[in-house]
Amino acid sequence: MKIKLMENIKEFEGTISLSDIALSISNSLKKRCVAGMVDGHLKDMDYIVDKDSDVRFITNTDKEAIEILNHSTAHLMAESIKELWGNVVFGVGPAIEEGFYYDFKIDGKMLTEDDFKAIEDKMNEISRRAEHPLRKEMTKSEALSIFNGDRLKTEIINDLPDDEIISAYTQGNYIDLCRGPHIPSTSFIKHFKLLSIAGAYWRGDSKREMLQRIYGISFFEEKDLKDYLVLLEERKARDHRKLGKQMGIFMFDDLVGRGLPMWLPNGFIVRRLLSDYIMDKEIALGYQHVLTPSLGNVELYKTSGHWAHYKDDMFPKMDVDDESYVLRPMNCPHHMVMYKSQLHSYKEFPLKIAEIAADFRYEASGALTGIERTRAFYQNDSHIFAMESQIGDVFKEVVELILDVYNDFGLKDYRMRLSLRDPNDTKKYFGNDELWERSENELRQVLNDLNIDYYEALGEAAFYGPKLDVQVRSAIGHDVTLSTIQLDYQLPERFELTYIDEKGEKARPVVIHRAILGSLDRFVAFLLEETKGVLPLWLAPTQVKVIPVNLGLHKEYSDSIYQLLKKNNLRPQVDYRDEKLGYKIREAQTQKIPYQLVIGDNEVQNNTVTYRKYGEKDQVTVTKEEFVELLKKQVEERK
RNA sequence: GCCGAAAUAGCGCAAUAGGUAGAGCAACUGACUUGUAAUCAGUAGGUUGUGGGUUCGAUUCCUACUUUCGGCACCA
């Protein structure tokens, strides 16, 4: 039997386990091996190779290894919980992007974080026992008898096809249904930590029972674990909720209501600049801005279909006179009606109506997260009316706008998601199969033409059409949508929109919904986290802090600099407090103000300023005029 | 919405085995008049999230509610 190992081919008599193959190379390799890749499939070290194969060993430095380690750590945790509390059923316990979790339910006992110590101690104890996870393959009926009495595992097994070969792993007295592979010994698991405990619905279904879920993470090296815990702290430090409070961007108050952000003066500056920025971009591309009310007759949303789909996610309707109104959750219906108020020609197309519009959604209380997810937010929205033949061009222009904007903000870490209909749940969506297929293919086509990296996600489409979403990861690990483009044949139909085509006949337009900054609120949240609160000069609420060395001697000159900067549309502040110089400098630094000017005798005599840029140590002396030009240039370049 | 945890001064925190709360920073007052990350001293600041209960007495124990946090579910 020939085994191909990296570049070499080794011959073996009869069958042989991966473990023995590793041993035939060196004892130290065997000790480091976590698993093996046999003809592209991950296998335990126990796996018996019985034919000519390609074998690659997975050692603790390979990226697959950390996933296997975490998966095995999940099992180890489950084993520990079982030893400690006995009467427990387990759901699923996979490795995830960062670490692992396991879902379980202990009869008559709810665990809290206070129990982590006991579990970790038990895990360490089992690690020292060096238990060997042993794979056993079986038929479905064998599996059902082994897991008889375990309602959760039984359900999983029952959902598998009848002829499926099912595997389970035994370590010590613990057995778990699992595909594997697993590490050769629990002794590999040394540097781990349980991180949090939370509720999680069984099978992700909110109608079913809630289990407990413990998250944790595991590494091969202690240093990696320490680094990870530091990383978690750093992420917490750039949580927009913390930064937004520190920087005076926004606030919440119970008396106003949960999920209802109030934008403070600093926050307003950022918002206004962002609005102006995006509207300027839009105007350059021929968008026309409009303003429509935040309230609408409920009939409007019945026409659009939002009422049927999202009634429960809207604030309840208000009855006035003989009508009912709702706070709008979306702007499309208003824009549809606006379009309809006039006769349109194909010559106007694509017709782009844009609005930065206030929307209100009755988000589930548990979903509210600072200004990332609120009940009142502002959308950088637009609806583009076009002929079917223009879809490709319009779509392309919007994608390019997104890329342009992201480039301006230096955003590189995002993923394009093509959100498609769930083919198994078509009644959630309006429109027929043929239309959906066509729309989805159109989007796919454009993405391919533009050579854009994207992934497809079933079930993420809007009820009226497929979309392209740009996903980013927030500091606290939420995947959120920043930008979106949505193709819609439904609303034009429901609102009976028409245009006059080349032949002089009435035809139905298509609508493309798009949001670039998405929700302004969420965008600011993301920016704060991206920049760690160090906003680029053009967005910084205070751009320059002027610090006189001596109030008596340098105040007048400081004032003149302040006035000069003001005149040039910059946002300076002078620190007039009677404090020590070092104190004021420290404060300017902790407030992350992009430029601090220290003004003393030298500056007054030479008519100069000495600046220090945030994050740099150098002190640079230039003339007042040079400084103004430097800043204006940076603002213009949006740096 | 569901499961769990938490809520103390403007901010980030401490404390009480049940005896009406402390220091730091910030604020205010005064002294100091300063060249690149915290000058010194003093003053004021709290119905310990809200309501109810147990108790001679509750910030502490119980309970309901509100809000926040961690997840899950949701996200047009």
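Numbered from 1 within each chain, the chains take letters A, B, ... in sequence-line order.
- Atom OH of A:Y101 is separated from atom C1' of B:A73 by 13 Å (rounded to the nearest Å).
- Going from atom CG of A:D313 over to atom C1' of B:C74 covers 7 Å, rounded to whole Å.
- Looking at A:R522, its side chain has no donor and acceptor atom pair within 3.5 Å of the base of B:C75.
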Show each protein N/O and nucleotides 41-45 of chain B N/O combination with a separation under 3.5 Å, one pair to a line.
none

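- The side-chain hydrogen bond (donor to acceptor under 3.5 Å, both in side chains) pairs that include a residue from residues 592-602 of chain A are A:H554-A:D601, A:Q589-A:Q596, A:Y595-A:Q634, where partners are two or more places apart or lie in different chains.
- Listed in residue order, the members of residues 594-607 of chain A having a heavy atom less than 4.0 Å from RNA chain B are A:Q596, A:V598, A:G600, A:D601, A:N602, A:E603.
- Both A:A461 and A:K242 lie close to RNA chain B; mapped to their nearest nucleotides by heavy-atom distance, the more 5′-ward contact belongs to A:K242.
- Taking atom OH on A:Y611 and atom P on B:U36, their separation rounds to 18 Å, with Å as the unit.
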Exercise answer: donor-acceptor pairs, residues 111-118 of chain A side-chain atoms, under 3.5 Å, sequence neighbours excluded:
{"from": "A:T112", "atom 1": "OG1", "to": "A:D114", "atom 2": "N", "distance (Å)": "3.1"}
{"from": "A:D115", "atom 1": "OD2", "to": "A:T112", "atom 2": "N", "distance (Å)": "2.8"}
{"from": "A:K117", "atom 1": "NZ", "to": "A:D121", "atom 2": "OD1", "distance (Å)": "3.2"}
{"from": "A:K117", "atom 1": "NZ", "to": "A:D121", "atom 2": "OD2", "distance (Å)": "2.8"}

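- A:T610 comes within contact range of at least one nucleobase, with a heavy-atom separation under 4.0 Å.
- Considering only residues two or more places apart in sequence or on other chains, A:E496 meets the side chain to side chain contact (heavy atoms under 4.5 Å, CB included) condition with A:K340, A:R508.
- Here the shortest heavy-atom pairing between A:A95 and A:E67 reads CB-O, 3.4 Å.
- Distance, A:L420 CG to B:A76 P: 14 Å, rounded to whole Å.
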Please list, for nucleotides 49-51 of chain B, all pairs of protein and nucleotide N/O atoms separated by less than 3.5 Å.
none

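- Taking the C1' atoms as reference points, B:A23 lies 12 Å from B:G12, given to the whole Å.
- With rounding to whole Å, A:D469 atom CG is found 11 Å from B:A76 atom C1'.
- Paired regions of RNA chain B, where each region holds three or more successive Watson-Crick or G-U pairs whose two hydrogen-bonding distances fall under 3.5 Å, are B:1-7 with B:66-72, B:27-31 with B:39-43, B:49-53 with B:61-65.
- Near-neighbour residues of RNA chain B inside residues 484-493 of chain A, defined by a heavy atom below 4.0 Å, number-ordered: A:Q486.
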Item to check | nucleotides 25-34 of chain B: protein proximity per nucleotide (B base, S sugar-phosphate only, - neither; heavy atom, under 4.0 Å) | outcome: -SS----BBB
Under 3.5 Å, which donor-acceptor pairs link side chains of residues 611-619 of chain A to any protein atom two or more places apart or in another chain?
{"from": "A:R612", "atom 1": "NE", "to": "A:E616", "atom 2": "O", "distance (Å)": "3.1"}

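- By the 4.0 Å N-to-carboxylate-O rule, A:E456 lies too far from A:R421 to be salt-bridged with it.
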Please list every donor-acceptor pair under 3.5 Å in which a side-chain atom of residues 246-255 of chain A meets a protein atom from a residue at least two apart or in another chain.
{"from": "A:D253", "atom 1": "OD1", "to": "A:L255", "atom 2": "N", "distance (Å)": "2.8"}

Item to check | Heavy-atom protein contacts under 4.0 Å, nucleotides 60-72 of chain B, coded B base, S sugar-phosphate only, - none | outcome: ------SSSSBBB
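- Between the NZ atom of A:K109 and the P atom of B:G4 there is a distance of 13 Å, given to the nearest Å.
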